[in-house]
Amino acid sequence: MHNQLSEQEIIRRDNLTKIINLGIEPYPSETYEVNATTKEIKDNFKEGDTTYQSVSLAGRLMSRRIMGKASFAELQDSTGRIQLYVSRDDIAPGEDKTMYNDLFKKFLDLGDFIGIKGYAFYTQMGECTVHVTELKLLSKSLKPLPVVKRDEEGHTFDAFTDPEQRYRQRYVDLVVNPEVKKVFEQRTTMYNSIREYLNQRGYLEVETPILQPLYGGAAARPFVTHHNTLDMKLYLRIANELYLKRLIVGGFDGVYEFSKDFRNEGMSRFHNPEFTQIELYVAYKDYEWMMNLVEEMVEKIAIDIHGTTEVQVGENLINFKRPWKRYTMYEAIQEFTGIDISEMEESELFQTAKKLHVDVDESMGKGKLIDEIFGEKCEGKLIQPTFITDYPVEMSPLAKRKKDNPALVERFEAICNAKEICNAFSELNDPLDQRSRFEAQLELGKRGDEEAMVLDEDFLNSLEYGMPPTAGLGIGMDRLAMIMTNQKSIQDVLFFPQMKAKKG
RNA sequence: GACCUGGUAGCUCAGCUGGUAGAGCAACGCCCUUUUAAGGCGUGGGCCCUGGGUUCGAAUCCCAGCCAGGUCACCA
């Protein structure tokens, strides 16, 4: 890093002092009253209308085309851009032409925040424009923004595309790439849609600890921290599952939380160290009931964002319209490999996996083998939203066993665009079974599995008081946002994705 | 973690098998009162990611490193 100023930065600082010398405050603090947005004017103003004849707008100056005593410029506010027409004798009506000749033409720079008053009209070229009668500097910009231009056919010139700069300086990305803002607005629509759906059903949005003395509810390596006063080790949560279930024990019928979770693992275009899940727990329900909820809720999300159940994701047009296809894991494997593994024992499964060229090794148990075959042969082919049910018990230490087959659990995932978008099950509420499942996890931990769960004595204590039959759900909000907004990388649905610190 | 690709002006990029660093936009100066991605003419602007090496000479070749993207591996 060098903190040498560039030529353009020096010029802008110079302009700043010239503005101050004119007696103009470059960073005024009073409210600037705005009575319209650029979008509103462009959408509604018609030639000859008496509306928008006294507008007040504020935003950034994004381009300037000076033609002597008159100029065209563009103002960008949070809703878009509109053209401004600035004539010398309007903003500097008397003898003193400083406002136009110096301030507007020389001392303002692209990116400066200005407030303008004026009236809307159409130019001879048919462009909706605001004729400026008053102009005020609201905040001076000292660094040059990238100048991105677009023509009528939507071709972009000199786009600001370098991913590293876009993510590290998201503020610049947002100013200059309007489609980026849209992604994040859609992400928020998704959250609002879910809140609306769940609140309407009477479920309570809650908050549970992020700093936890024990981490649980998922298989992952945690971040570790330390509390000075208590002098104790704390973990950043990897999930909030065990806390929400304690609330069900406590007597709530339905609780949910948008949970920022943290996992100390590798990064990829599907993994950021901190990410968001929504988890939902509803008493007296099971996973079948929860499947219906997911279908209905995700269908609503698509409609709230796009106005239709169909969403274009890369090459694929995905339709979230209910009902979605449902397979048991065995059925899915049979569908995509033609092999029925439902009656197979471990050795036969192992041979089958090898025959299918699935990468397996001797350490894998029956459940893991099935999961590997599914992951390798089926998941990638599931583009339209599909439920997969009945997972092996070994993979699911917090889920309830199936009545008719204790090797399986009442669990489902929804797969969409070849990726898991949710995970849900009938929650295990038998405290004795839960204890033995935790103990099995401890064994895995002793054998070196760094992601094995730890035994949470207080959680078991809560189950011993009694938890009603409960259905639980987790949805990866970032992954779902990627699908709903058609983005290839998780970094594109997070404002500030994690980046390695720059040296220097 | 492995491999591949990249890092040059504020932005987007050229710069071949080594010979003093280039374009467009942006900036600066001058001319222009309804123009439009880019009006005309002119002018500046670079630790060429960092550190070593080879060479008379390195943006370019070699080695090491940093950062990023992609593919794969790992992974609820």
Side-chain angles (χ1 to χ4, degrees), chain A residues 1-2 4-12 14-15 62-74 81 83-90 100 105-106 109-111 121-127 129 131 141-169 172-173 176-177 217-221 238-239 241 261 263-271 275 277 359 371 375 379 391 395-399 411 413 419-425 449-451 453 474-476 479 488-489 491 497 499-504:
Chain A
M1 278 299 265
H2 57 99
Q4 280 272 342
L5 291 179
S6 71
E7 181 194 34
Q8 294 197 42
E9 287 172 303
I10 291 165
I11 289 164
R12 282 172 183 242
D14 196 39
N15 284 341
M62 294 304 280
S63 76
R64 223 174 1 172
R65 295 181 288 280
I66 294 169
M67 318 169 300
K69 300 185 194 66
S71 302
F72 287 95
E74 276 179 300
R81 289 188 187 188
Q83 179 167 266
L84 304 179
Y85 177 76
V86 182
S87 80
R88 186 190 67 184
D89 298 333
D90 285 321
Y100 184 79
K105 275 170 67 175
K106 293 183 179 162
D109 291 292
L110 300 191
F121 75 108
Y122 279 87
T123 63
Q124 288 172 7
M125 302 303 290
E127 177 87 19
T129 303
H131 189 128
S141 161
L142 296 180
K143 278 185 187 285
L145 288 165
V147 178
V148 181
K149 298 189 177 181
R150 288 177 182 80
D151 69 10
E152 281 167 6
E153 280 105 56
H155 299 121
T156 303
F157 302 84
D158 304 310
F160 180 61
T161 52
D162 177 20
E164 181 170 1
Q165 291 202 77
R166 288 186 48 227
Y167 301 145
R168 285 192 197 274
Q169 300 191 71
V172 174
D173 190 32
V176 135
N177 292 328
R221 284 158 65 190
I238 58 171
E241 170 152 359
D261 295 337
R263 297 187 184 176
N264 207 340
E265 296 171 344
M267 290 167 62
S268 75
R269 75 189 176 94
F270 292 103
H271 300 262
F275 65 102
Q277 291 196 91
D359 199 15
D371 196 57
E379 201 170 48
Y391 283 67
M395 319 293 303
S396 315
L398 301 167
R411 169 177 170 184
E413 289 188 0
K419 278 280 166 188
E420 168 197 338
I421 57 169
C422 83
N423 181 19
F425 32 85
D449 184 346
E450 291 187 88
E451 300 189 337
M453 289 185 189
I475 299 177
R479 301 265 181 94
K488 287 197 192 68
S489 167
Q491 297 172 106
M499 301 291 268
K500 202 159 180 174
K502 281 185 114 170
K503 283 214 160 184

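Throughout, a chain's letter reflects where its sequence line sits, starting with A, and its residues are numbered from 1.
Base-pair partner of B/G29: B/C41 (Watson-Crick or G-U wobble, both distances under 3.5 Å). Across all strands shown, B/A9 forms no Watson-Crick or G-U wobble pair with both distances under 3.5 Å. Here B/A2 sits opposite B/U71 as a Watson-Crick or G-U wobble pair (both hydrogen-bonding atom distances under 3.5 Å).
Counting non-hydrogen atoms under 4.0 angstrom, A/Glu451 reaches the backbone sugars and phosphates but no base. Across all strands shown, A/Gln8 has heavy atoms under 4.0 Å from base atoms, whether or not it also approaches the sugar-phosphate. A/Asp162 comes within 4.0 angstrom of sugar-phosphate atoms only, judged by non-hydrogen atoms across all strands, and of no base. In this structure, A/Tyr391 reaches neither bases nor backbone, as no heavy-atom distance under 4.0 Å exists between it and the strands shown. Note on A/Arg150: only backbone sugar-phosphate atoms sit closer than 4.0 angstrom, heavy atoms only; bases stay farther off. Heavy atoms of A/Gln491 sit under 4.0 angstrom from primed sugar atoms or phosphate atoms, though from no base atom. The residue A/Arg411 sits close to a base: some heavy atom pair falls under 4.0 Å. Using a 4.0 Å heavy-atom distance criterion, A/Arg168 is classed as a sugar-phosphate-only contact. When heavy atoms are screened at a 4.0 angstrom cut-off, A/Ala218 is found touching no nucleic acid atom at all. Using a 4.0 Å heavy-atom criterion, one finds that A/Arg12 contacts no nucleic acid atom at all. Within the nucleic acid shown, A/Glu9 has no heavy atom closer than 4.0 Å to any nucleic acid atom. Among the atoms of the strands shown, base atoms are found under 4.0 Å from some heavy atom of A/Tyr85. Nucleic acid contact for A/Lys69: base, since at least one base atom lies under 4.0 Å from a heavy atom of the residue. Looking at heavy-atom distances under 4.0 Å, A/Thr161 makes contact with sugar-phosphate atoms alone, never a base.
Out of B/A37, B/G24, B/U36, the shortest distance to the side chain of A/Asp151 is found at B/A37. Comparing atom distances between the A/Glu164 side chain and each of B/C67, B/U34, B/G10 picks out B/C67 as nearest. Checking B/U34, B/G70, B/C11 against every side-chain atom of A/Phe160, the shortest atom distance belongs to B/C11.
In terms of phosphate contacts, A/Lys149 brings a side-chain nitrogen or oxygen within less than 4.0 Å of OP1 or OP2 of B/A38. Within the 4.0 Å cut-off from OP1 or OP2 of B/G10, not a single side-chain nitrogen or oxygen of A/Lys143 is found.
Between A/Tyr167 atom OH and B/C67 atom P the separation is 18 Å, expressed in whole Å. Per the geometry, CD1 belonging to A/Ile10 stands 11 Å off P belonging to B/G10, to the nearest Å. Rounded to an integer number of Å, the gap from CE of A/Met267 to P of B/A76 is 18 Å. Rounded to whole angstrom, the span from the CD atom of A/Glu7 across to the C1' atom of B/G29 amounts to 12 Å. Between A/Met125 atom CE and B/U33 atom C1' there is a gap of 16 Å when expressed in whole angstrom units. Between A/Asp371 atom CG and B/C74 atom P the separation is 12 Å, expressed in whole Å. Summarising the geometry, the separation between CZ on A/Arg88 and P on B/U33 is reported as 9 Å, rounded to the nearest angstrom. One interatomic measurement links the two molecules: CE of A/Met62 to C1' of B/A26, which rounds to 12 Å at whole-angstrom precision.
Between A/Leu145 and A/Lys488, it is A/Leu145 whose nearest contact on RNA chain B lies nearer the 5' terminus. Comparing A/Arg479 and A/Met67 by the nucleotide of RNA chain B that holds the closest heavy atom to each, the one mapping nearer the 5' end is A/Met67.
Partner of A/Pro146 under the side-chain contact (heavy atoms from CB on, under 4.5 Å) criterion, out of A/Val172, A/Asp158, A/Asn177: A/Val172 alone.
Counting only distance, with no hydrogens or angles, the side chain of A/Arg269 and the backbone of A/Lys488 share a donor-acceptor pair below 3.5 Å. A donor-acceptor distance shorter than 3.5 angstrom exists from the side chain of A/Arg12 to the backbone of A/Ser141, with no hydrogens or angles considered.
Inspection of the A/Ser489 and A/Gln491 side chains reveals an N or O donor paired with an N or O acceptor under 3.5 Å.
A/Tyr85 and A/Phe121 have perpendicular rings, their planes meeting at more than 60° on a 0 to 90° scale where under 30° would count as parallel.
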